[in-house]
Structures are given as C-alpha cells and as structure tokens.
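Working notes, structure below.
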Protein chains: 2
Amino acid sequence: MTDLNSDIFKHIDPERRGTTSEEVISQLREMIHRGDLRPGDRLPPERDLAKMLGVSRPTLRAGIRSLAAVGVLQSRQGAGTFVVKADGPPSLDSSPLRLMASLHGFTSAEMFEARQALEMAVAGLAAERATGDQMATMAEEVAGMFASLDDPEQFLVHDVRFHQTVAAASGNRILTSLMNMVATILFDTRIKTVKRATDLKESAEMHRHVYRAIREHDPEAARHAMSAHLSKAQRAWESEVEVPEGSAPDNSNGNGNGLAP
Amino acid sequence: MTDLNSDIFKHIDPERRGTTSEEVISQLREMIHRGDLRPGDRLPPERDLAKMLGVSRPTLRAGIRSLAAVGVLQSRQGAGTFVVKADGPPSLDSSPLRLMASLHGFTSAEMFEARQALEMAVAGLAAERATGDQMATMAEEVAGMFASLDDPEQFLVHDVRFHQTVAAASGNRILTSLMNMVATILFDTRIKTVKRATDLKESAEMHRHVYRAIREHDPEAARHAMSAHLSKAQRAWESEVEVPEGSAPDNSNGNGNGLAP
DNA sequence: CTGTTCAAATCGGTCATACCACTTATCCTG
DNA sequence: CAGGATAAGTGGTATGACCGATTTGAACAG
C-alpha cells in the first residue's frame, strides 16, 4: 500500500472561495488525480485526516460522503475508508440516472433507445477486437440460454452475462460502464416480467446471431444483429406492461424505476 | 409549489438493515420517485425534517449531501435545500467519470471512442427527428464557425453549441446527458489546445457535412459525417499533445483530466 | 510450537449542542 | 412610497461524546 504517513496532506486555506467541505472534496480529488491515493488505498482515520487538513470531523465526513456517493470512496465501519478498488469493469452508480429519470419523466422508450445505441456501439467494437476467450465465453452463455429455455430466471442470468461479455470485448471501459448504467435500470423491470416471457427460444436465437457476427469479425452485422435483438426485446417488454384493466391511478406507477411506459 | 406540510414524512424504523443515513437516502429517493418531491421544490428546514424523520440533523445532512453529490438536491446556505429544477437538458455530473478515469487509467483514446459512439448515435437520431428550428440553429452555429476562423476560442463556442444542438435534436435526453458527460471531460483539454489549432476551416467544413446530412434526413450519412469529423478531431488532438521535448516525468500529467494520452 | 479464543484498541456512525455566515423578508426611516 | 437597516430563518461548521462494528494481537488451550 502507498505510504500515507508523509506530508501529502496540506492544511486548507481558510481564505478561499466556496465552502470548506467543497475544498475538502477538491483536496481529495486532486490527491486521486495526482496518484497520491491509489485504488485500494486506505485513508487515514477521520480524526487524524481532519487534523491534517485543518478541518473538523463533520466537515471532513461531508467531503468523504460526497465522494462516496459517486462511488469513488467506500467507508466501512470499524475498518476505515478506502479508495474503491479498480478490479473488474468499473461501474458508475446508476442511481443518479434513475433519479433523473424520475425528475425529468424519462420514458422507457428513451431508455431502450439509449441502451440500443450503446449496445450497438459495443457490439461493433467487439466484432473488431474480441479475443478467443471472450468469444468462447459468449458461446457458452448462448448455449446456457438454449439450455434454460424452461427456466426464465436462469435464462436472464445468461442473457445479462452475454451482454456484459460483449461489452468487455469492446475494449472500451467507458462505454461498458455507461451501458451497464442504463441496462441496470432496465434490468429491474425485466426480472419482474421475465417469468411470463414466452419467446425465449427466439431471443436465444438472436443472441446467437450477435455472437456469430462477432466471431466473424463483422462489425456491421454485429451492430444490426444487436439492434434487431433489442428492438424485439423492447416490443416484447411493451406488450408485457400493457396497462392492466382498471388499475386505479396513483402517484406510484408500481414498477419502481421511475419510468413512464 | 407542492405542499410539504402534510404528513408524507414518516419516521424511520430503528430496526432495519443498513445505516441510518442510508435509510434517509432511501426515504428521500422514494419521495422523489413517488412524486412527493418535484423539481424545484424546497425541502423543509433541516431541523424540522430531521425531527419528522426521527433522526439527528447530522445524519439527515449526510443523506442530503449524498443526494446533492449526484446532482439531485442542491443546498444554498441561508435559502434552503431544493430539488434541482428540470429545465433545459438534464446533466449528469461528470466528476464521477473523471475520477474513475484517474482511478482506472482510462486512455484518451477510450474517451474519444466513447464520445464518437455517442455522437454517432445522436447524429443518426437527429437526422430522423430534427425540427426546423433545431436545424436552423445548427446552420447558425456552422455559420458562426466559418465567421470565427481567426478566433479559435469563439470557434470552440460555436463548435460546442453545434454538438449540443444535434444532441437535443436527437430527442433522447439520456443519450444527450451521457454525451455531455463524456464531452465535458474532453472539453477541458480542448480549450487548452485550441489556441494552436490550425485547420479550423476543415473542421467547420466537416460540421457543415453533418448539418447537411441531418437536413436531408439521412441518418447513415449523418453518422458517417460525424464519425469522420470526430476521427479527424482526435488525430488533431493527438498531434497537439505530442510529448514536448525533455519534459521531466512527474506524477501530474499536467492536463488535469486524469487521462493518459 | 500451533491454532483458537477473546478482549482491548481502532475506526466509522450517530447524536446533541452551539455558534457562524448567508439569505430572505419585514419593518422602520426618510 | 422607496430604500435601507434589521431580525428571523436556514444551511455550514465546530466541539465533544458515545455507540457499534471491525480489526488485531495477546493469552490460552491443544
């Protein structure tokens, strides 16, 4: 672990603009940008760090909490505060997007469209760059789908893993993160409707088309196959959530994702 | 404004899982999802709200700060805490992505690629849906670029506005937000290199190609024109940031965006 | 000597209280 | 009636304390 006992923490100038906690956030951010704080590093105890920065503990905690809210830091009671480790695909928190969907009244159509755009992009890139192992994993997941045609929940597991593998094969972690961010929100509703899913066989078939296009290193075919798959999935979803008869109107739409169909 | 004096605030059960502040966050989020809190609404004073929820003020403030960090709430000293208003294109905070770029060592190539994928998507959608007003705005910005060939900074203003107009014309606020999120990070470096930009005329020309494709409602042409434009921009940027001779290696890369060229 | 157990130290989570800084609205003054 | 002084309201910060979860290491049993 990086040695944090050195004097890389500097006192905060009381004569500045903005609030003190904002300055704390800036300090911590700069330390991350400079590389003083690396993924997995543990921050000094709050009491010590507060003294180093020359602020009170509540103010320091406010800064830490802000960075924790965006997924950069993680506090564990009794253990300490850590810089989030960078193993595996980095993930952006989807709750901001979910809340913004509620605030702005995003429609599920917009959400599907955004997902489709992102998935098409990663599918095209995956067709150019997928390694043998990644393609093998995709094939396994497709096989898993065909083997789970009578188990919708298990089918969904393979479905999600397939898409994540494609995203990873794109080699672009930013697009992967954004895609996961959008897909996570839609996933919550899929898991509720998947039990009544009817055409799993067709879905598996379309996933296979995507896989074959990627295997053949044909970006355009991969994009189109993915696009067709998601368009089909969207239509299926829309037919699933057809307004039930006589549902009394209330503030809650019941699907819990803040999306209007 | 929505009446918040009613008893929509419920006490928090001390016997729960997770921390108290997490429960506060959940409470506030649900209130937003349910529509009890609408954009622009002002929350009750912290002292009152803390009593309503049955928690202490610091704990409540922790929850508020978490939601403020992701751009859902905004506190103004002396005024109050508000739900962010939803006018204009909703914007996701780009700092999480910027920090993640530092933590995971994202390359600028990945960033450009992600932006290119998003811009191509919105350009294609814009070609299908752009209104007359939006196309007029695009034309104005293109004209502004040609009029600012000798003023790089002014040119950049028109450049950014053009892309934002295209995004808005896509009709998909989610893709627009994601695109802005990525573009914001790249913008910081562009404003530093733009002074030495040489081929502004060619850039303006390529923007015009994008505009004409959108005007002709030709999604594929729009996508290709946008792709060509951004590929050119990326190559130009890469040639600008060629490592200067004899620059001593230090922790800070100097471009301040946490990206490795 | 090895492995387990348990207790003390560590550290984040919460609470209570007080004071400060800024904003807003009211009221007084000219 | 207009404008500025004033007071109430509200978020920001600080201090101090206690609680509960986690970690760690020493004491103990094998």
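Quick note on labels: first sequence line is chain A, next is B, and so on, each numbered from 1.
Going from atom CD1 of A:Ile25 over to atom C1' of D:dG12 covers 13 Å, rounded to whole Å. Remark: P of D:dT13 and CZ of A:Arg65 are 15 Å apart, rounded to the nearest angstrom. Rounded to an integer number of Å, the gap from CD of A:Glu23 to P of D:dT13 is 11 Å. Put simply, CD on A:Glu46 is 14 Å from P on D:dA14, counting in whole angstrom units. Between the CZ atom of A:Phe82 and the C1' atom of C:dC11 there is a distance of 10 Å, rounded to whole Å. Nucleotide D:dG9 holds its P atom 19 Å from the CZ atom of B:Arg76, rounded to whole Å. In this entry the distance linking CG of A:Leu43 with C1' of C:dT10 reads 16 Å, nearest Å. Residue A:Gln77 contributes atom CD, which lies 5 Å from atom C1' of D:dG20 at whole-angstrom precision.
Proximity of a side-chain donor or acceptor of A:Asp41 to a complementary backbone N or O of A:Arg38 within less than 3.5 Å is detected. A:Thr19 contributes a side-chain N or O that, together with a main-chain N or O of A:Glu22, makes up a donor-acceptor pair within less than 3.5 Å.
Side-chain contact of B:Asp93 with B:Ser95: a donor-acceptor pair under 3.5 Å is present, judged by distance alone.
Among the nucleotides C:dT23, D:dT22, D:dT10, the one closest to any side-chain atom of A:Ala79 is D:dT22. Residue B:Arg42 has its side chain nearest to D:dT10 when only D:dG11, D:dT13, D:dT10 are considered. For A:Pro45, the listed nucleotide lying nearest its side chain is C:dG12; candidates were D:dG11, C:dT14, C:dG12.
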Could you list the protein-to-nucleotides 15-17 of chain C atom pairs, N/O on both sides, closer than 3.5 Å?
from, atom 1, to, atom 2, distance (Å)
C:dC15, OP2, B:Ser56, N, 3.2
C:dC15, OP2, B:Ser56, OG, 2.8
C:dC15, OP2, B:Thr59, OG1, 2.3
C:dC15, O5', B:Ser56, OG, 3.4

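Taking OG of A:Ser108 as the start and CZ of A:Arg115 as the end, the distance is 13.0 Å to the nearest 0.5 Å.
Base engagement by A:Arg61 is indicated by at least one non-hydrogen atom pair under 4.0 Å involving a base atom.
Within a 6.0 Å radius of CD in A:Gln74, no more than 12 heavy atoms belonging to other residues, nucleotides or ligands are found.
Using a 4.5 Å heavy-atom cutoff, the side chains of B:Arg29 and B:Ile32 are not in contact.
Judged by closest nucleotide on DNA chain D, B:Thr81 is the one of B:Thr81 and A:Arg47 placed further toward the 5' end.
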